[in-house]
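We name chains A, B, ... by the order of the sequence lines, and we start the count at 1 in each one.
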4 protein chains.
Amino acid sequence: MSPMPAGGSEKSRARAQAQRARILEAARKCFSEAGFHGASMARIGEQAGMSAGLIYRYFASKAEIIRAITGEQREVRMRAMAEVGSRLELLERIVDKMRDWRTSGGRPGAFDPALFLEVTAEACRDPAIAALVSAQEEETSDDMAQVIEREARTAGVTLSAEALRQHTLLARCLLDGVILRCVRDPGLDLEQVRASLRALVRPLTDQPGPV
Amino acid sequence: MSPMPAGGSEKSRARAQAQRARILEAARKCFSEAGFHGASMARIGEQAGMSAGLIYRYFASKAEIIRAITGEQREVRMRAMAEVGSRLELLERIVDKMRDWRTSGGRPGAFDPALFLEVTAEACRDPAIAALVSAQEEETSDDMAQVIEREARTAGVTLSAEALRQHTLLARCLLDGVILRCVRDPGLDLEQVRASLRALVRPLTDQPGPV
Amino acid sequence: MSPMPAGGSEKSRARAQAQRARILEAARKCFSEAGFHGASMARIGEQAGMSAGLIYRYFASKAEIIRAITGEQREVRMRAMAEVGSRLELLERIVDKMRDWRTSGGRPGAFDPALFLEVTAEACRDPAIAALVSAQEEETSDDMAQVIEREARTAGVTLSAEALRQHTLLARCLLDGVILRCVRDPGLDLEQVRASLRALVRPLTDQPGPV
Amino acid sequence: MSPMPAGGSEKSRARAQAQRARILEAARKCFSEAGFHGASMARIGEQAGMSAGLIYRYFASKAEIIRAITGEQREVRMRAMAEVGSRLELLERIVDKMRDWRTSGGRPGAFDPALFLEVTAEACRDPAIAALVSAQEEETSDDMAQVIEREARTAGVTLSAEALRQHTLLARCLLDGVILRCVRDPGLDLEQVRASLRALVRPLTDQPGPV
DNA sequence: TATGAATGAGGCTTCATTCAT
DNA sequence: TATGAATGAAGCCTCATTCAT
């Protein structure tokens, strides 16, 4: 799959990894701005500071870059959920990220809603992408479950497996929903979103519900 | 905007409308399968049973078709919210739609999550699409508020403006979140989603919250 | 060559001639504005107030319209030279025509330098056009010779055949040159051109020359 | 304007210039034969011995090629006027060029009347071309004035500014007229044109006129 | 490793022309 | 006679990908 030879010195392998990273960074930016189909290899190369031809020494095709970008998303989401103590904290964090995106327009390493949606849309078409995304979703649900368990532990509450699953599902839908709404309505008042979330998210209880 | 002359007989106008509908139907299918930029005019023409050139008698450009498809989404969402009496009923309805999509793969006129996401992703890039989507979002929020007011009336509860706004926001995020999650995880158990929603959505109260 | 049937009543033949004239009038305008290749049959039809398809009942092809337009040019030039008594009068008349063109932008029936050049350029490519133009040139030279003979008669001078030929050549080159220069330099001061021509054109003498 | 990056090694820049030249050479030929709009990029590429796509590495669009060709015309005319000592010499030279064109059909670098007329016709439609042509006309008039001043100096005559302007105008019209007539009438006897010019062009005098 | 020239396929769009009505 | 729907070819241009250097 990868065009890079398995062999080579330690040093050259490190170099190769650095090159791949540069390409992916450039691709992320281009894909975010123009979409997978709208971004050209030439533009990605330019952004990465190399010729388009050279990219093919590190990735077999544009599709492989897309797959790699898709694969990276998992880390971004995981990082976002690590060390978060409650659902509300997590939701507020995503609101912060959305505001960052609106104002600064996407710094490297930050969560990029445009890319997130591009990947999701592509998953509807490319089965390989769909499989990657689906696998990530399960992991992300696990991460979310951990956040909720942490919150429950802090609150001194014990959740049944069923309650945990339901709270996880709800929280995830809310989170994705916030992202989608922010993207679809650039005029959406994020402070109001934050306030609403604060008012609406209740302390965890053992019993299922409520919204 | 439209390349068709204003005049023409009754019959020819009807015919033109039929042709436009055929093209839009074909475009919907192609865009859903391949994305706006992955679908070619040739493919759309083939799907519509006509030459690619003929499409330009009814639409000035591919972009105009994309705009028309985007504009249509509003009707689809509006139809879905009409005559719905409560948030839970609405959410269950969207779950039904997602199951339809998974099984039948998108019938004409039905809500198409792939297209919905394609439009949203495109809104990140094309300001014209962003404006359309943004306008639709406001209308959809109004529709959602009506659903909630209906539910409140039925429950004999009076909602403050603030509470109404918050419930609307929550419900919309949940709804969009359900769509996104279903698309991103084809393995997601829709029956479990339905069950969770039933358990989680509480009767409306005057007070803000809770989730 | 022509798609029109030879038969038909007197009335229908007259009608056909009127239609041809309308088409040619429209084509003249379109060709002048957009060039032979830049003007579409649809646009010509629109300008003529008929469908593009109908044009083919009166002309076998676009090329035939071009040929017809080319053929018309002869009349325009001929009309311009009729009843003109001297070279200077003729040259001043062309200066007037150029000013009309600059200000009014080409009325129907008027001499159109853009069309004149379009035809000339096309003559370099299409042998059929070249033949038409070449034939017209001979006729136009004859017309010019008549103008000069008229001038000589008025001046009481007898020109040798050789002198006549030379004066004709000179006058024609001057005339075409004025047209070309006016087109190529929209800033050219026509009044100065007129003044220069007045100063430069001397009474005819029997002897060859001078300039 | 140019799609080529500014940087690059000495060698690659030289190569790029050579490619541009090859393309322009091919375009000149194609435009001369078929006109700006009749010549296809594919044909130009074929003539230049490269794929049509490659052309876009050296020119941003077909329009840019047209502009480049148009711009070149100035040099061709300028070259023709350099080191010419009199109006008659200049006119005879253009007659020579026309004969070359008729016989050899346009060698690279030679003056091409078909192209000259194509450019002029295009100037009637495209304001960008019109501006280029207009600017060239002024320069060409300056060049012509210099030729005339040279002739006056040789003849020991001092020309007033007004006389200089008038002689320049006359000479230029004659010159353009000769070109136009040669193109429009392929049967025109160039030797007779030459003889007529010789007979008609008189030595310069201080006084305005005569023709 | 790295470049950038080169290609061929394909995309969007226009248009002359034909034909059923 | 007249329309306008319909097509197929062609045009301009872009781009992923390959390859000689």
When you measure from the side chain of [X] to the backbone N and O of [Y], does any donor-acceptor pair fall under 3.5 Å?
X	Y	value
B:Arg22	B:Ala48	yes
D:Glu72	D:Arg67	no
B:Lys29	B:Ile44	no

What I'd like to find out is whether the side chain of A:Gln73 reaches to under 4.5 Å of the side chain of A:Asp112, using heavy atoms alone. no
Relative to the 5' end of DNA chain E, which residue comes earlier, D:Ile55 or A:Ser51, by the nucleotide with the nearest heavy atom? A:Ser51
Toward the 5' end of DNA chain E, which comes first, D:Met50 or C:Ala63, by nearest nucleotide? D:Met50
Reading DNA chain F 5' to 3', how would its secondary structure be written in dot-bracket notation, given Watson-Crick and G-U pairs with both distances under 3.5 Å, brackets [ ] for crossing pairs and | for partners on other strands? .||||||||||||||||||||
Can you list the residues that meet the ring pair (Phe, Tyr, Trp, His ring centres under 6.0 Å) rule with B:Tyr56, with sequence neighbours excluded?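 None.
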Rounded to whole Å, how long is the line connecting atom [atom1] of [X] with atom [atom2] of [N]?
X	N	atom1	atom2	result
C:Glu46	F:dT3	CD	C1'	15 Å
A:Tyr58	F:dT17	OH	P	18 Å
A:Arg13	E:dT1	CZ	C1'	17 Å

Is it true that D:Gln47 and D:Arg43 share a donor-acceptor pair across their side chains at a distance under 3.5 Å? yes
Stepwise side-chain contact (heavy atoms from CB on, under 4.5 Å) test for D:Val133 and D:Glu122: CA-CA 10 Å; D:Val133 166; D:Glu122 188 71 6; over 6 Å; no
Most 5' of B:Gln19 and D:Lys62 on DNA chain F, judged by nearest nucleotide: B:Gln19
Hits for side chain to side chain contact (heavy atoms under 4.5 Å, CB included) against C:Ser51, two or more places apart or cross-chain, chain-then-number order -> C:Leu54
Residues which pass side chain to side chain contact (heavy atoms under 4.5 Å, CB included) with D:Glu25, listed by chain and number, not counting sequence neighbours: D:Arg28, D:Pro108
Side chain of A:Ser61 only, please: which of E:dA6, F:dT17, E:dG4 is the nearest? F:dT17
Within residues 31-44 of chain D, which residues have any heavy atom lying less than 4.0 Å from an atom of DNA chain F?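 Those residues whose heavy atoms fall under 4.0 Å from DNA chain F, taken from residues 31-44 of chain D in numerical order, are D:Ala39, D:Ser40, D:Met41.
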Taking only N/O atoms, report every protein-nucleotides 18-21 of chain E pair under 3.5 Å with atom names and distance.
none

